[in-house]
Amino acid sequence: MFGLGAATRIYLAPGATDMRKGFNGLYGLVRDQLLCDPLSGHLFLFSNSQRNRLKVLFWDTTGLWVCAKKLEKGRFHWPKAGGTQGKIVLSHEEFAMLLGGIDLAQTQRRRWYRKPVVEESGSSQIPA
């Protein structure tokens, strides 16, 4: 499928997304709402209002992928954006925890060296 390299960013769209959206609809949300380039090779995550469905949009240099997951029981613990944020940046570890059902708001970051990555304008990370 697709691999996540160290330079691959993971952007989460706060709020609810209409899960009927496909390639073109999600492409438009990434471009207009998240203010990112959908063809950048980064992952873009969307969830419905019940938080039991998730879609990922990803460009692999030959075409767009739209991957979907529907939980049989339970909900994704979707991080909340503060202020007027248009997107939330997740680390690879936070992405794995989100998919694994862990509430990121109840986790605590440890002091850990991580070389800062130059971020695109308008992006923000989950508060430490």
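Just so you know, these numbers use all the heavy atoms, side chains as well, and skip hydrogens, waters and symmetry mates. Every value quoted in this text rests on a predicted model; they were computed, and no experiment measured them.
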When rounded to the nearest 0.5 angstrom, what is the spacing between [atom1] in [X] and [atom2] in [Y]?
| X | Y | atom1 | atom2 | result |
| --- | --- | --- | --- | --- |
| Phe76 | Asn52 | CZ | CG | 8.5 Å |
| Thr17 | Leu26 | OG1 | CG | 7.5 Å |
| Gln33 | Lys87 | CD | NZ | 10.5 Å |
| Asp18 | Phe46 | CG | CZ | 12.0 Å |
| Trp78 | Ser47 | CH2 | OG | 5.0 Å |
| Phe58 | Leu64 | CZ | CG | 10.0 Å |

How close do [X] and [Y] get, heavy atom to heavy atom, and via which atoms?
| X | Y | value |
| --- | --- | --- |
| His42 | Arg9 | ND1-N, 2.9 Å |
| Leu34 | Leu12 | CD2-O, 4.5 Å |
| Arg75 | Gln50 | NH1-O, 3.3 Å |
| Arg20 | Lys55 | C-NZ, 4.5 Å |
| Leu99 | Lys69 | O-NZ, 4.3 Å |

### Query
What do you reckon, is CZ of Arg31 surrounded by more than 12 foreign heavy atoms closer than 6.0 Å?
yes
### Query
Can you tell me if CG on Asn24 sees more than 12 non-hydrogen neighbours from other groups inside 6.0 Å?
no
### Task
Go through the steps for Leu29 and Leu57 under the test side-chain contact (heavy atoms from CB on, under 4.5 Å), then give the verdict.
CA-CA 10 Å; Leu29 286 177; Leu57 183 72; over 6 Å; no
### Task
Using side-chain contact (heavy atoms from CB on, under 4.5 Å) as the criterion, point out the one residue from Tyr27, Phe23, Phe44 that pairs with Val66.
Phe23
